[in-house]
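Everything on this sheet refers to the single structure shown next.
Numbered from 1 within each chain, the chains take letters A, B, ... in sequence-line order.
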Amino acid sequence: MLDIRLIRENPDMVREALKKRQSDDAVVDTLAALDEKRREILSKVEKLKAERNTVSKEIGRMKDAESRQEKINAMRAVGDKIKALDDDLRDVDTELTSTMATLPNIPSDATPYGVDESENIVLKTVGEIPEFSFEPKTHWDLGPELDIIDFERGVKISGSRFYVLSGAGARLQRALIAYMLDLHIKQGYVEKYTPFMVKTETVYGAGQLPKFVNNLYKDHEEDLYMVPTAEVPLTGYHMDETFEDSDLPKAYTAYTPCFRREKMSAGRDVRGIKRGHQFDKVEMYMFVKPEESDAAFEQMMADAEETVALLGLPYRIHQLCTGDLGFGATITYDIEVWAAGCNEWLEVSSVSNVTDFQARRANIRYRPEDSKRNKFVHTLNGSGMGLPRVMIAIMENYQQEDGSIIVPEILRPWMGGIEVIK
RNA sequence: GGAGAGGUGCCAGAGUGGUUGAAUGGGGCGGUCUCGAAAACCGUUGUAGUCUUCGGGCUACCGAGGGUUCGAAUCCCUCUCUCUCCGCCA
């Protein structure tokens, strides 16, 4: 959510931002009108309330029954007016906030302009794309051959886009989770194990609602959503709280499964484990003071990069352009790893500075030492990696001619010493 | 799932229709005293919205949302959360 003051005082800046994102900027006028109307009603109703408060106090002190009754009658009329105005106000307010909730965040000046993902910028590429003396296989061939991914059973149990990991495959995923969590802890993040189901307000606070309703699984009986990313419970963790200046920064890491309906991507990436309805992820998340968020962004990016680099996979870093930026993000770097079998770069990590966008929605503030007024914190999130895609890259890049897969050295402590999956 | 009790400021805890944004105690902050500290004493200590001649004014907030009333922390309804007991259970 943006600050309504931006619309009031700097509408051109908001229009500009929307255009950069290739969105319609007509809402800005709608919002400006609603805001004005809201304040107009507000000042009327508050004056009436002030009058009622004063007179009601007088009534409490009055002895003379007749003039007392007169005042009561007068205030009854005022009360009716107040009620009518309050109703109007509520309507305007509802419309205003629900419209505000559809506005994306303002892109950072550091985010390059671009219409769509084709204009994202490759910042750097690290590592060699592996050469094979044989035709490298895809993970959807390797997995069943080694009996570590079972697509048919997954479909049998749960339908399309579900699979079962088996034996060393399941263990490899568990090793990755443990490796990442342990690394992030070393990097200074505090581990959290959160609920995987959250309330509507929590999803809203993280900015996933109302925009992504169609991508979420919901238990309608209980008003609970399955988390689409750990970002949601981690944002909600400090919802409606005010930090002391000295409490910040807070850095968290959490493993969660992620549930996504993928309705919007129907038909895309149906093969293999690249895009399932359920996948595991380890997330990094930070709450920082506004003046520290640029530095925190670079730090989190370095941490994410280290996570990929230590696995020995070839990767490249993309900076997203304004047209491809996520809803709440002002700036985003993606990390992609190379997958030798399907011959493509896979997005495994995405680090964003969300500034005060989620904090405003989730009402997360702090008390600045030098200011009387509480301010919203800045939040940052980084997937310290979508696990299936890391699995894909490991399987496809570390495969050998006989169809076996070398386990990256860094993971072996969690693999019970297994060096090769065969 | 059943029965009961309860949610008040940073914390504890009063308050059952009218100068209560809220007693009292503790904590925090500032000060007096002291070589310094403790103790004691004095003062101060919420958030948000909105208007502003930038001094401040006004409005709202006692779990959430409705209702009754001239007036609600106080009365009524719904929801929610916590605690105790019973049942059930990984």
Round to the nearest Å and state the distance from [X] atom [atom1] to [N] atom [atom2].
X        : N     : atom1 : atom2 : answer
A:Glu201 : B:G63 : CD    : P     : 17 Å
A:Leu96  : B:G49 : CG    : P     : 13 Å
A:Arg61  : B:G17 : CZ    : C1'   : 16 Å
A:Asp240 : B:C10 : CG    : C1'   : 17 Å

**OP:** Give the C-alpha distance, both sets of side-chain angles, the deciding distance and a yes or no for salt bridge (charged side-chain N to carboxylate O under 4.0 Å, His left out) between A:Glu66 and A:Lys71.
**Re:** CA-CA 9 Å; A:Glu66 201 168 308; A:Lys71 296 257 187 201; over 6 Å; no

What nucleotide, of [options], holds the atom closest to the side chain of [X]?
X        : options             : answer
A:Arg90  : B:U19, B:U50, B:G66 : B:G66
A:Arg68  : B:U50, B:A48, B:C70 : B:C70
A:Arg367 : B:A48, B:G49, B:U47 : B:U47

Subject >> Flag side-chain contact, heavy atom, 4.5 Å: A:Gln319 against A:Asn120 >> reply: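 The answer is no; the side chains never approach within 4.5 Å.
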
Does [N] have a Watson-Crick or wobble partner in any strand here, with both distances under 3.5 angstrom, and which is it?
N     : value
B:A39 : none
B:U59 : B:A48
B:U69 : none
B:U24 : B:A12
B:C83 : B:G4

When you check the phosphate oxygens OP1 and OP2 of [N], does a side-chain N or O of [X] lie under 4.0 Å from one of them?
X       : N     : answer
A:Arg39 : B:U52 : no
A:Arg38 : B:G49 : no
A:Lys83 : B:U69 : no

Determine the Euclidean distance between corresponding [atom1] atoms of [M] and [N]; express it in Å to zero decimal places.
N     : M     : atom1 : value
B:G65 : B:C54 : P     : 36 Å
B:C58 : B:C10 : C1'   : 27 Å
B:C61 : B:A3  : P     : 33 Å
B:U8  : B:U74 : P     : 14 Å
B:U44 : B:G26 : P     : 16 Å

Original post:
For A:Lys199, which contact category applies under a 4.0 Å heavy-atom criterion: base, sugar-phosphate, or nothing?
Top reply: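 A:Lys199: no heavy atom of the nucleic acid under 4.0 Å.
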
**OP:** Using a 4.0 Å heavy-atom cut-off across all strands, classify A:Arg365 as base, sugar-phosphate, or nothing.
**Re:**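 Counting heavy atoms under 4.0 Å across all strands, the contact made by A:Arg365 is with sugar-phosphate only.
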
Original post:
So, is B:G36 syn or anti if syn means the angle is within 90° of 0?
Top reply: anti

Proximity of [X] and [Y] rings by center, below 6.0 Å:
X        : Y        : answer
A:Phe259 : A:His277 : no
A:Phe357 : A:Phe327 : yes
A:Tyr252 : A:His238 : yes

Original post:
Tell me, which of residues 40-56 of chain A have any heavy atom that sits under 4.0 Å from an atom in RNA chain B?
Top reply: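 The stretch gives A:Leu42, A:Glu46, A:Lys49, A:Ala50, A:Arg52, A:Asn53, A:Ser56 as the residues lying under 4.0 Å from the strand, ordered by number.
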
**OP:** Taking A:His318 for its side chain and A:Asp334 for its backbone only, find out whether a donor-acceptor pair lies under 3.5 Å.
**Re:** no

Original post:
If you find the nucleotide of RNA chain B closest to A:Arg76 and the one closest to A:Arg8, which residue's nucleotide is nearer the 5' end?
Top reply: A:Arg8

**OP:** Between A:Asn374 and A:Gly79, just flag the one whose closest nucleotide in RNA chain B comes earlier from the 5' side.
**Re:** A:Asn374

Original post:
Does the pair A:Glu262 and A:Arg161 meet the rule for a salt bridge (charged side-chain N to carboxylate O under 4.0 Å, His left out), with working shown?
Top reply: CA-CA 9 Å; A:Glu262 297 295 350; A:Arg161 286 190 195 273; 5.7 Å; no

Subject >> Cation-pi check, A:Arg361 onto A:Tyr204 ring (under 6.0 Å, within 45° of axis) >> reply: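 Relative to the ring axis of A:Tyr204, which defines the angle, A:Arg361 lies inside both limits.
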
**OP:** Is it possible for you to check whether A:Lys20 lies under 6.0 Å from the centre of the six-membered ring of A:Tyr113, through NZ or CZ, and within 45° of that ring's axis?
**Re:**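 Not flagged: A:Lys20 not positioned over aromatic ring of A:Tyr113.
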
